[in-house]
> 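Dropping a structure here in structure tokens format, bear with me for questions.
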2 protein chains.
Amino acid sequence: MIASTQSNHPLGGVKNFDRIPTSLDLACARLKSAGLRITQPRIAILETLIKRDHPASIEQIHHELTSDACDLVTVYRCLAVFEELGLVRRCFFHNGTSLYEINLNDSRHYHIVCRSCGKVERIDVSITDGVERMLRERGYDQVTHMVEFFGVCPACRKKAAEADPVSTTIAR
Amino acid sequence: MIASTQSNHPLGGVKNFDRIPTSLDLACARLKSAGLRITQPRIAILETLIKRDHPASIEQIHHELTSDACDLVTVYRCLAVFEELGLVRRCFFHNGTSLYEINLNDSRHYHIVCRSCGKVERIDVSITDGVERMLRERGYDQVTHMVEFFGVCPACRKKAAEADPVSTTIAR
DNA sequence: GTGGATGCAAAGAATTTGCAACCAA
DNA sequence: TTGGTTGCAAATTCTTTGCATCCAC
């Protein structure tokens, strides 16, 4: 997969399939092997998701595409396909909106979302493996899960404390 | 709180405040102490949530109210108030819809939702305390979280296997 | 009596669907 | 060439808002 039989140097090939596969290559391969077509809108959306590497709303993704790369409806449809394929993961945030992020190697990580500014940070821990195993033992199939943490980030706390030094010391 | 000073027997009082407080009593007390009014629609919605003790959509809750107890809009508004007060917890499910469940004593538990039939089971484990603590140490405030597990329940697996014995053996 | 809460209607936002035209394989 | 994809428009669903009326306190 990394280099063809025609060349031992990973970057030395002249043909496309001699390159080290990029994230986009991997995503396209997954599309292809599912019998789906690799179209301009799909490439554009995947590139945006890969470049971003952070959850984004459908609206945001559409906005970040180079202008009129495709219709908003197409973004909806493509993301539904990507999610079905597992290329993309859907997360739900405190206000109920869903965000999408690229998920090429099923990396298990979570997010902490600031209640105030909406900033998303990544948390790289694995806390739910035991539960998933337990559920499988109970007879559940295709088990996945979703975890989101919400809180007020340090920056927003500081800002709030400066604006109103008294009330912000009271925790929820 | 369990019995008034007028009676030592927990069930022996004649007045309302001599009863053991019910869940509804507790919820109403929380409303009152927040300066909010105890109205017929609010009582009806709370009773439905308490009786159910399982996540339900706004539509379902409205439907389960004894006919024309209140308008759908009122259910929306009441649930927003209850959520704000922490009387109710909002969960997000695989299709992106939000469900609400009563949350009178901040019990930490999660759900496993069947992808196929939508059945919700409760999981009583605590897996995220360590992460919440870590986030607070990093400077986050008002930290909460949300966890949902999705899978195909044993009953649906069996049903699917009977309908199509070949393809259902392939795990995701 | 008074202000918070509700009902109704209507607006607004988010998402889905139908169908003809298009283009990747 | 052909069927999966897309764009556009319109339908549908979900949620919020405005305002007059009502009723809990």
Side-chain angles (χ1 to χ4, degrees), chain A residues 16-17 24-25 27-48 55-63 65-85 87-88 90-100 118, chain B residues 16-17 24-25 27-48 55-63 65-85 87-88 90-100 118:
Chain A
N16 268 344
F17 50 74
L24 183 60
D25 293 335
C28 289
R30 296 263 284 271
L31 281 176
K32 200 171 229 170
S33 72
L36 297 166
R37 293 189 180 167
I38 295 153
T39 63
Q40 286 313 309
R42 284 179 180 173
I43 292 174
I45 293 167
L46 284 169
E47 279 178 337
T48 304
S57 71
I58 292 204
E59 203 75 43
Q60 283 175 317
I61 293 165
H62 181 237
H63 192 77
L65 296 170
T66 48
S67 52
D68 60 354
C70 74
D71 197 80
L72 179 61
V73 175
T74 301
V75 182
Y76 272 97
R77 290 197 265 223
C78 289
L79 287 174
V81 167
F82 298 165
E83 193 195 357
E84 180 75 17
L85 267 182
L87 277 178
V88 145
R90 188 175 178 182
C91 331
F92 301 97
F93 285 91
H94 50 315
N95 51 4
T97 53
S98 34
L99 307 187
Y100 294 81
Chain B
N16 266 347
F17 49 73
L24 184 60
D25 293 336
C28 288
R30 296 263 284 273
L31 281 175
K32 199 170 227 170
S33 72
L36 297 166
R37 292 190 180 167
I38 295 153
T39 64
Q40 286 312 309
R42 284 179 179 172
I43 292 173
I45 294 167
L46 284 169
E47 279 178 337
T48 303
S57 71
I58 291 203
E59 205 74 42
Q60 283 175 317
I61 294 165
H62 182 237
H63 192 78
L65 296 170
T66 46
S67 54
D68 60 354
C70 72
D71 197 79
L72 178 63
V73 176
T74 302
V75 182
Y76 272 96
R77 288 196 266 225
C78 288
L79 286 174
V81 166
F82 296 165
E83 194 196 357
E84 179 75 17
L85 267 182
L87 277 178
V88 146
R90 189 176 177 181
C91 332
F92 301 96
F93 286 91
H94 51 316
N95 51 4
T97 54
S98 33
L99 307 186
Y100 294 81

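Letters A, B, ... mirror the listed sequences (proteins, then strands); counts begin at 1.
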> Can you tell which of D:dG7, C:dT15, C:dG7 lies closest to the side chain of B:C70?
C:dG7

> Whole angstroms only, please: what is the CD-P distance between A:Q60 and C:dA14?
12 Å

> Would you mind telling me which of D:dT16, D:dA24, C:dT15 lies closest to the side-chain atoms of A:S98?
C:dT15

> Could you tell me which non-hydrogen atom of A:R42 sits nearest to which non-hydrogen atom of A:L36, and how far apart they are?
NH1-CB, 3.8 Å

> Looking at A:S98, is its backbone amide N or carbonyl O close enough to the side chain of A:R90 to form a donor-acceptor pair, meaning the two atoms are under 3.5 Å apart?
no

> Whole-Å distance between D:dA10 P and A:D71 CG?
14 Å

> Nearest whole angstrom, please: distance from the P of D:dT13 to the NE2 of B:H62.
17 Å

> Which nucleotide in the set D:dT5, D:dT6, D:dC25 lies at the smallest distance from any side-chain heavy atom of A:R77?
D:dT6

> Round to the nearest Å and state the distance from B:Y76 atom OH to C:dA14 atom P.
14 Å

> What are the two closest heavy atoms between B:T48 and B:I61, and how far apart are they?
CG2-O, 4.3 Å

> Using whole Å, what does the distance between atom P of nucleotide C:dT6 and atom CD of B:Q40 come to?
10 Å

> Once you round it to whole Å, what is the distance between P of C:dA5 and CD1 of B:I43?
13 Å

> Using whole Å, report how far CG of B:L99 lies from P of D:dT15.
11 Å

> Which one, D:dG3, C:dT16, C:dA25, comes nearest to the side chain of A:R37?
D:dG3

> With nearest nucleotides of DNA chain D determined for B:K32 and B:V73 from heavy-atom distances, which residue corresponds to the more 5′ nucleotide?
B:V73

> From the list C:dC8, D:dC14, C:dT17, which nucleotide is the closest neighbour of the side chain of B:E59?
D:dC14

> Without decimals, in angstroms, what is the distance between B:L72 CG and C:dA9 P?
14 Å

> B:T39 side chain: which of C:dA5, C:dT17, D:dT17 is closest?
C:dA5

> Mind checking B:I58 for me? I need base, sugar-phosphate or nothing, with any heavy atom below 4.0 Å counting as a touch.
nothing

> Hey, is the main chain of B:C70 close enough, under 3.5 Å, to the side chain of B:H62 for a donor-acceptor pair?
yes

> For the residue pair B:S33 and B:R30, what are the closest heavy atoms and their distance?
OG-O, 3.2 Å

> Looking at D:dG4, does its base get a donor-acceptor pair with the side chain of A:R42 below 3.5 Å?
no

